[in-house]
There are 2 protein chains.
Amino acid sequence: MEKEVIKFESEFSIDCVIFGFEAGELKVLLIERKDNPYKEWLALPGNLVMNDEGIEEAAVRILHELTGLNNLHMEQFHTFGAVNRHPRGRIITVAYYALIRIDSQKELRPGKLASKALWHSVTDLPKLAFDHTEIFKTGFHKLRRRLSYQPIAYELLPEKFTLTQLQQLYEAILNKKLDKRNFRKKMLSYGFLKELDEKQKNVSFRAAKLYKFDRRKYSKIFQNEIGVDM
Amino acid sequence: MEKEVIKFESEFSIDCVIFGFEAGELKVLLIERKDNPYKEWLALPGNLVMNDEGIEEAAVRILHELTGLNNLHMEQFHTFGAVNRHPRGRIITVAYYALIRIDSQKELRPGKLASKALWHSVTDLPKLAFDHTEIFKTGFHKLRRRLSYQPIAYELLPEKFTLTQLQQLYEAILNKKLDKRNFRKKMLSYGFLKELDEKQKNVSFRAAKLYKFDRRKYSKIFQNEIGVDM
């Protein structure tokens, strides 16, 4: 008992905010938990760190165990340490985030703790387990800030994309409508978009031109953190 | 014993990287520890979080206990969780940083753990205790990045300052010489510097004009995170 108390008094966990972009929508990866007191609640993929693993390793392991996802570049963004944030006792959690192209990923495989793993639109999230709503909001805020000074768009878009898809991505992250003409003028002015000799395939409506990022130029724009201002 | 092991297996601490600017030099706040195994080593101010306090409170308490400093705006920047980072066992540490005008602070008061608290130039730091050299470097890197998209200069400079002081601050943070003419042209072009009708006092050499930040304008520049590129 005494032992338990001490054990529960200080532990640390990892929680992952994984953003994906699909069909013009920004989504976040969630699991449905099997364990009480949060049975059947939606939560961010997260679990305790083991005593013999570093927190970076732990983040990779935990995400893989709960969702089947692998080889993501996970970046730490904040640690949450309110005294009563977790019903099991004093557990602080280190939050990581990552961005992926949903279509580039194999199917999700929920693990031990989870009955489901799913992509959920960021626009109509229900209340999440624990303080995961706050963790998600903090991660979403960081993502928004980084859009202006880090080349994150190509992590979320397919290799070849239309300007409409690019605008949808910016609108989803900034959570506001952007003027089509201004957006295109601005984006093309940076010189990091390469127009291809291809158009969309299998679309009912008029097929749009496809573009690619010139990664060298795209990264250069952000090197000295000049923002791409929307 | 078993109890001890568990207790030592997971704990968390706070470490503070406090930057100050004085006489044209960027400095970091260090303490000299009293306790083994790091007796007389220089270290960042840091200590364990108590089970009944949130990590934000803990950061404020620990900095105050070890250095006497109060009312700093501390910002969390990274959590370090390598398995063997601490000789006492598995302790992850949440690192905070803050910026202050050294001249605006009352004298430093080292607390319990420390025999000294002092400002040390960032340019010739000795090896610090634990992994504090790595923590310092990470904090310094963040500071550098933030210089381009957050209005941090006025937290470090006196209310009234010369353009030379402003350039010295940028040079200290970016760790490179900047061309005087270009620097002044650029800084004045942003419109957030207010020229005063005053000059420096008690200087042997020719007294230079004093400037103030127009905070409203200064913050506006950074609102949408357009960088101030050097």
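Just so we're on the same page: letters track the sequence lines, and every chain starts at 1.
Residue-environment remark: NZ (Lys137(B)) stays at or below the threshold of 12 foreign heavy atoms within 6.0 Å. Under a cut-off of 6.0 angstrom, the local environment of CG in Asp52(B) is crowded, with over 12 non-hydrogen atoms contributed by other residues, nucleotides or ligands.
The side-chain contact (heavy atoms from CB on, under 4.5 Å) check on Asn182(A) picks up Asp179(A), Lys185(A), with sequence neighbours excluded. Under the side-chain contact (heavy atoms from CB on, under 4.5 Å) criterion, Asp131(A) pairs with Phe80(A), Arg85(A), Glu134(A), Ile135(A), sequence neighbours left out.
Using a 4.5 Å heavy-atom cutoff, the side chains of Val49(B) and Ile92(A) are not in contact.
Heavy atoms of Glu53(B) lying under 4.5 Å from chain A belong exclusively to its backbone.
When every heavy atom of Arg90(B) is checked against every heavy atom of Phe12(A), the shortest pair comes out as CG-CZ, 3.8 Å.
Distance check, rounded to the nearest 0.5 Å: CD of Glu56(B) to OG1 of Thr79(A) gives 9.5 Å.
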